[in-house]
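Here the structure comes first, spelled out in structure tokens, and everything after it is commentary.
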Amino acid sequence: MLCDKCKKNNATFHSTVNINGNVTETHLCENCAKENKLFSFNNFLSPSFDSFDLLNDFEELTCDNCGYTLSDFQESGLLGCSNCYNVFKEIINDNLQKIQPGNVHVGKKLNLEENLTEKEKEIKKLELQLKQAVNEENYELAGELKKQIIALKEGQNNE
Amino acid sequence: MNNNIIVSSRVRLARNLKNQPFTNNTDFDKANNVLTSAFNALSEISNFNLYKCKNLKSEMLEEMLEDHLISGELINNSDISGVAISPDNTVSIMVNEEDHFREQCMLDGLNLKRAYDIISDIDNELSLSLDFAYDEKLGFLTACPTNVGTGLRASVMMFLPGIVLTNNLEDMISTVSKLGICVRGAYGEGSSASGYMFQISNQFSLGKSEEEIVQLVESTALKICDLEIKARKLLLDNNKDALKDEVLRAYGILSNCYKISTSEATELLSKVKLGADIDLINLKEPQLIDDLIKNISPIKINKLSNKVLNENERDLFRAEYIGRVLKNNRI
Ligand SMILES: [Zn+2]
Ligand SMILES: [Zn+2]
């Protein structure tokens, strides 16, 4: 989300002001928040910080999986784990809009059978059977499966 | 002519494990778990050589870096990082780089499609035994959002003296950046002086397929190639004598100097390379110039000499070595 004031930096300070039922939301970057009178630097440092109503919404967004915070992301430009993509979804989406031509992956998919050739699927199936055979200590079957896998792999290399 | 302008092609895929924090947010034990499962999976892939960076001497790491087999980031993480390298040195899989996996394939000339096919096959194989972080909408999840989606970077190394010498570099860079292509000095930011080598690569990774990205980088590289050929023609038409003088002087210094630094040698060799490409100088084996450019860094000179030399000794050795290679190479 961009800063309301300068429209340049990411907004990291979010506040809601309720005056007689009129709710105003303000989103500012660190620089503008410092400049803005509501958030004058003195207020930040004052001991009455906790009782300062305007600052109540400041609890920082944190990834419940890896403990990474929004400011960690903003400082490093890097995320902490794959779950961070859910936690910081909005900010990341804004970010992606600026740097990527689209926001949906249209390329290769993960580990789906469609990525594999018929032969690779066959090898994969045999390898699973092999693991099971070894687990069951059925070494005769395991040896046979191993032979089949090697034959298939060799055929693949010769193609 | 294309082959001399487009030096090499490289494709890399960024991948991470689903259940582990990214490398920048990990601890020693978790990072070692990643390295262990990576090496288990990689050892299944035939005959790759596996190295833990902490077990390699720093000279070895520097050499791998110069050969583009590993990155500076991997060296920074050397207490937790590792690499698997194919016997022919075309494929390397870095572990615990910025992402858990940086799978890359590098081939000579303009060869992006083939490089992608090779690395994609290996990626498929790895994805059978490793649990990669993947999201239906965003694709492959990476530590940096600039790599999310395909995790793909396709890059081409180009030798562009004509574009530089005709002062067209900035225009070229700003034109291709509008296409989503970025241009870097091959030896780090803003190093146009070191050998006219540039890396052309895609800036984005999401919203286009791997094939589209590879196609974009390839077609842009070919356009830049045309531009380079035009620039060289312009130089020959307008500045042939001055250019030829420059090339022959460079050859003269390289053949006769007593000591020379890496940067001066690289600059002069690049001039000779250009001269050989556009027939201003006739060499028996022009390929020797490319070999020299790759082999005169401090690390390579130490290796060639079989000693650890100081800077002055290296400059002496380098001059002697270049002189020896160039001797009798001119027709
Ligand atoms: Zn602002
Ligand atoms: Zn996280």
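Lettering follows sequence order; numbering is per chain, from 1.
When heavy atoms are compared at a cutoff of 4.5 Å, E98(B) approaches chain A solely by way of its side chain, counted from C-beta outward. Neither the backbone nor the side chain of T26(B) comes within contact range of chain A; no heavy atom of the residue lies under 4.5 Å from a heavy atom of that chain. Heavy-atom distances place both the backbone and the side chain of I99(A) under 4.5 Å from chain B.
Residues L96(A) and L138(B) form a side-chain contact, since some pair of their non-hydrogen atoms from C-beta on lies under 4.5 Å apart. When side chains are defined from C-beta on, N24(B) counts as touching Y68(A), because their heavy atoms get closer than 4.5 Å. Using a 4.5 Å heavy-atom threshold, the side chains of L110(A) and F140(B) count as touching. The shortest distance between side-chain heavy atoms of N124(B) and K108(A) falls below 4.5 Å.
Taking all atoms of both residues into account, the shortest heavy-atom contact from F22(B) to S82(A) is CZ-N, 3.5 Å. Summarising the geometry of Y134(B) relative to K109(A), their closest heavy-atom pair is OH-CA, 3.4 Å, with the distance given to 0.1 Å. Across all their heavy atoms, V106(A) and S209(B) have their closest contact at CG2-N, 3.5 Å. Among all heavy-atom pairs drawn from L78(A) and C144(B), the shortest one is CD2-CB, 3.5 Å.
Chosen from P21(B), G180(B), A143(B), the residue pairing most often with chain A at heavy-atom distances under 4.5 Å is A143(B). Taking chain A as the reference chain and counting heavy-atom pairs below 4.5 Å, the highest number among T146(B), N16(B), D121(B), L152(B) is found for T146(B). Interface summary for chain B: among S76(A), C63(A), P101(A), C84(A), the most heavy-atom pairs under 4.5 angstrom belong to P101(A). By number of non-hydrogen pairs under 4.5 angstrom with chain A, the leading residue of T150(B), L17(B), I213(B) is T150(B).
Interatomic distance, Q100(A) CD to K208(B) NZ, rounded to the nearest 0.5 Å: 11.5 Å. For the atom pair NZ of K30(B) and SG of C66(A), the computed distance is 8.5 Å after rounding to the nearest 0.5 Å. Rounded to the nearest 0.5 angstrom, L79(A) CG and T142(B) OG1 are separated by 7.5 Å.
In this structure, a donor-acceptor pair under 3.5 Å is absent between the side chains of K137(B) and N103(A).
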